[in-house]
Colleague: 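Below is a structure I'd like to ask you about.
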Amino acid sequence: MFQGLRTVIYRVNDLARAKEWYAALVGFGPYFDEPFYVGFNVGGYELGLDPDAAGAISGDSVVTYWGVADAHAALARLVELGAKEREPVSEVGGGILVASVEDPFGNVVGIIENPHFKLSS
């Protein structure tokens, strides 16, 4: 049975550049850094970078949404870092805001501001 989100892996064609870009985005470096895989611990979840981009299609149909406190600010930050906006911030009901971008490596990255999910302290 599912226990919850654990890992999101993005396939990238330039691991060094992707590692630098994602480190700038999350504000810290990876906890696991090898030539075959780079992993960041983001709030207890893994954001992984896989340099084996063989067979990857830019903008695959899967979108993973990362929780954010402020969707508008998060989208602005992503675009500032060089991501391309795909979907602007939109309310999808119940005060939930979502948006998505394409990272510089062709992956779709979603963000979600969900007032019904609060981080425990």
Side-chain angles (χ1 to χ4, degrees):
M1 300 302 294
F2 288 144
Q3 295 181 330
L5 179 66
R6 294 291 185 265
T7 304
V8 174
I9 298 175
Y10 295 120
R11 294 189 281 182
V12 298
N13 58 7
D14 184 336
L15 187 60
R17 194 169 135 238
K19 178 173 59 173
E20 183 178 301
W21 193 85
Y22 276 97
L25 174 64
V26 299
F28 51 85
Y31 80 92
F32 188 87
D33 189 352
E34 296 292 336
F36 57 88
Y37 183 83
V38 171
F40 294 85
N41 180 338
V42 181
Y45 300 97
E46 175 134 345
L47 186 162
L49 304 175
D50 180 353
D52 182 7
I57 300 169
S58 180
D60 280 345
S61 61
V62 175
V63 179
T64 301
Y65 288 87
W66 291 90
V68 298
D70 181 332
H72 292 281
L75 178 60
R77 174 78 171 133
L78 284 158
V79 170
E80 174 185 306
L81 287 170
K84 178 183 171 189
E85 183 178 318
R86 288 175 56 103
E87 297 177 72
V89 175
S90 303
E91 182 172 348
V92 294
I96 300 167
L97 302 176
V98 299
S100 66
V101 299
E102 184 175 312
D103 74 9
F105 316 97
N107 298 296
V108 177
V109 178
I111 55 173
I112 183 168
E113 178 185 335
N114 187 336
H116 307 283
F117 283 63
K118 296 291 182 192
L119 293 177
S120 57
S121 38

Colleague: Nearest 0.5 Å, please: how far is CZ in Phe40 from CG in Leu49?
Modeller: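 Leu49 CG to Phe40 CZ: 5.5 Å, rounded to 0.5 Å.
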
Colleague: How close do Asn41 and Tyr31 get, counting heavy atoms only, and between which atoms?
Modeller: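 That would be N-CD2, 3.6 Å.
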
Colleague: With clusters defined by side-chain heavy atoms of hydrophobic residues (ILVMFWY) lying less than 4.5 Å apart, directly or transitively, does Leu15 cluster with Val8?
Modeller: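 Yes; tracing contacts between hydrophobic side chains, which count when under 4.5 Å, links both residues.
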
Colleague: Assigning hydrophobic clusters by single linkage (Ile, Leu, Val, Met, Phe, Trp, Tyr; side-chain heavy-atom cutoff under 4.5 Å), is Leu47 placed with Leu81?
Modeller: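 Cluster IDs for Leu47 and Leu81 match.
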
Colleague: Using side-chain heavy atoms (C-beta onward) and a distance below 4.5 Å, is Ser90 in contact with Leu97?
Modeller: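 Result no, sub-4.5 Å side-chain heavy-atom pair not found.
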
Colleague: Grab the two heavy atoms, one from Asn107 and one from Arg11, that are nearest each other, plus how far apart they are.
Modeller: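 Looking at all heavy atoms of both residues, the closest pair is ND2-O, 3.0 Å.
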
Colleague: Apply salt bridge (Lys or Arg N to Asp or Glu O under 4.0 Å) to Arg86 and Glu102, showing your working.
Modeller: CA-CA 6 Å; Arg86 288 175 56 103; Glu102 184 175 312; 3.6 Å; yes

Colleague: Would you say Tyr37 and Val26 are hydrophobically clustered, going by side-chain heavy atoms of ILVMFWY under 4.5 Å?
Modeller: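 No: no chain of side-chain contacts under 4.5 Å links Tyr37 to Val26.
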
Colleague: At their closest point, which heavy atom of Ala83 faces which heavy atom of Asp103, and how far apart are they?
Modeller: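 Minimum heavy-atom contact is CB-CA, 4.4 Å.
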
Colleague: How close do Gly29 and Ala23 get, heavy atom to heavy atom, and via which atoms?
Modeller: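 Closest approach of Gly29 to Ala23: CA-CB, 4.3 Å.
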
Colleague: Count the heavy atoms belonging to other residues, nucleotides or ligands that lie under 6.0 Å from OH of Tyr65, then report whether that count exceeds 12.
Modeller: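 For Tyr65, atom OH is crowded (more than 12 foreign heavy atoms under 6.0 Å).
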
Colleague: Can Val79 be reached from Leu25 by stepping across I, L, V, M, F, W or Y side chains whose heavy atoms are under 4.5 Å apart?
Modeller: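 Same cluster.
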
Colleague: Going by the salt bridge (Lys or Arg N to Asp or Glu O under 4.0 Å) test, which pairs reach into residues 16-42, not counting sequence neighbours?
Modeller: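 Sorted result for residues 16-42: Lys19-Asp33.
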
Colleague: Are Ile9 and Val108 connected into the same hydrophobic cluster when the rule is that any two of I, L, V, M, F, W, Y join if their side-chain heavy atoms are below 4.5 Å apart?
Modeller: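 No; Ile9 is not reachable from Val108 via cluster members.
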
Colleague: What orientation do Tyr10 and Tyr22 show, parallel under 30°, tilted 30 to 60°, or perpendicular over 60°?
Modeller: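 Tyr10 and Tyr22: parallel rings.
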
Colleague: Does any non-hydrogen side-chain atom of Glu87 lie less than 4.5 Å from one of Val98?
Modeller: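 Not in contact.
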
Colleague: Using every non-hydrogen atom in the two residues, find where Ala74 and Val68 come nearest and quote the distance to one decimal.
Modeller: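 Minimum heavy-atom separation between Ala74 and Val68: CB-CG1, 3.8 Å.
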
Colleague: So, for Pro115 and Gly95, which heavy atoms are closest and what is the spacing to 0.1 Å?
Modeller: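 Smallest heavy-atom distance, with atoms named: CD-O, 3.4 Å.
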
